[in-house]
Chemist: 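Below: one structure in structure tokens.
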Amino acid sequence: MAGIDAEKIAQEAINAIADKIKNLNTLNIIVAGKTGVGKSTLINAVFKEHLADTGMGKPVTTHMRKIAKKGVPLAIYDTRGFELGKEVQAEIKKEVMETISKGLATQDINKASNRIEPEEIEWLRELSMENQITQVPIVVVLTQSFSKKKAQEMRQTLLDENLDIIQVIPVLAEDYEIEDLGIAKSY
């Protein structure tokens with residue numbers, strides 16, 4: 001009789017957990033950054049599956065699109081790459097703010113290069129100003145951080161700008177082979 005009670009209790013616990021998982025809200029994230037910084041590679045690493053096409057520095061994503069995986073309470077909105085042209089930056093910022101105003105997303109900005117362009121800082125400032133009403137958390141992800149030392153320097157530079165961002169996180173989304181030197185492991 002005790003075995004039946006334990007089985008019943010276990011099944012009730014399993015059912016309760018399944019109900020909680022089924023009713024989880026989806027976390028929505030917008031990923032924005034220049035062409036070739038590794039937005040799609042980062043998305044694939046998060047989902048541990050190839051869901052976003054990647055390319056070597058050439059534009060792959062042409063408009064914002066939602067990427068999700070069945071059974072995972074996460075949706076990522078991948079934007080097209082913005083270059084230093086003000087017009088494209090403005091269009092992407094508008095697309096991002098419209099998505100946020102619909103209550104859909106937290107903001108994640110990707111950055112990969114050896115330096116931060118003044119235009120990128122200005123874009124983040126403008127986005128932060130427009131975001132004051134919705135107060136969506138903004139996280140800057142330094143993608144393609146092959147050198148942890150340089151990534152930490154860039155992280156500190158961004159933090160010193162006193163931008164309205166939650167955090168700056170360096171990552172290397174997938175292992176990267178450095179010719180004749182070895183492999184930089186993802187982190």
Chemist: Nearest 0.5 angstrom please: Ile178 CD1 to Ile183 CD1, how far?
Modeler: 9.5 Å

Chemist: Under 4.5 Å between side-chain heavy atoms, counting indirect links through other Ile/Leu/Val/Met/Phe/Trp/Tyr residues: same cluster for Leu181 and Leu172 or not?
Modeler: yes

Chemist: With a 4.5 Å heavy-atom cut-off, do Lys66 and Ile76 have their side chains touching?
Modeler: no

Chemist: Can you find a pair of side-chain heavy atoms, one from Glu153 and one from Lys149, that are under 4.5 Å apart?
Modeler: yes

Chemist: Tell me, with the steps shown, if Asp78 and Met64 meet side chain to side chain contact (heavy atoms under 4.5 Å, CB included).
Modeler: CA-CA 5 Å; Asp78 188 13; Met64 186 182 286; over 6 Å; no

Chemist: Side chains of Val168 and Val139: does their closest heavy-atom pair fall under 4.5 Å?
Modeler: no

Chemist: Ile29 versus Val31: any side-chain heavy-atom pair under 4.5 Å?
Modeler: yes

Chemist: Between the side chains of Lys185 and Asp175, is the shortest nitrogen-to-carboxylate-oxygen separation below 4.0 Å, so that they form an ion pair?
Modeler: yes

Chemist: Are the side chains of Gln152 and Pro170 in contact, using a 4.5 Å heavy-atom criterion?
Modeler: yes

Chemist: Measure the CD-CD distance between Glu126 and Glu119 for me, rounded to the nearest 0.5 Å.
Modeler: 11.0 Å

Chemist: Assess whether atom NZ of Lys94 is packed by more than 12 heavy atoms of other residues, nucleotides or ligands within 6.0 Å.
Modeler: no

Chemist: Test Lys39 against Lys34 for side chain to side chain contact (heavy atoms under 4.5 Å, CB included), laying out the working first.
Modeler: CA-CA 9 Å; Lys39 296 182 298 294; Lys34 292 194 305 186; 5.9 Å; no

Chemist: On a heavy-atom basis, which atom in Ala173 and which in Ala45 lie closest, and how many Å separate them?
Modeler: O-CB, 3.5 Å

Chemist: If I take atom CD1 from residue Ile169 and atom OG1 from residue Thr143, how far apart are they, to the nearest 0.5 angstrom?
Modeler: 12.0 Å

Chemist: Grab the two heavy atoms, one from Ala32 and one from Trp123, that are nearest each other, plus how far apart they are.
Modeler: CB-CH2, 4.3 Å

Chemist: Please assess Ile138 against Ile166 for the test side chain to side chain contact (heavy atoms under 4.5 Å, CB included), listing each intermediate value before the final yes or no.
Modeler: CA-CA 6 Å; Ile138 298 173; Ile166 300 300; 5.7 Å; no

Chemist: Would you confirm whether Gln144, through its side chain, and Gly36, through its main-chain N or O, come within 3.5 Å as a donor-acceptor pair?
Modeler: yes

Chemist: Please name the pair of heavy atoms, one in Val140 and one in Leu124, separated by the smallest distance, quoted to 0.1 Å.
Modeler: CG2-CD1, 4.2 Å

Chemist: Which heavy-atom pair separates Ala52 from Ile67 by the least distance, and what is that distance?
Modeler: CB-CD1, 3.8 Å

Chemist: Give me the atom names and distance for the closest heavy-atom approach of Val72 to Phe47.
Modeler: CG1-CE2, 4.1 Å

Chemist: If you count every heavy atom of other residues, nucleotides or ligands that lies below 6.0 Å from Tyr176 atom OH, does the total exceed 12?
Modeler: no

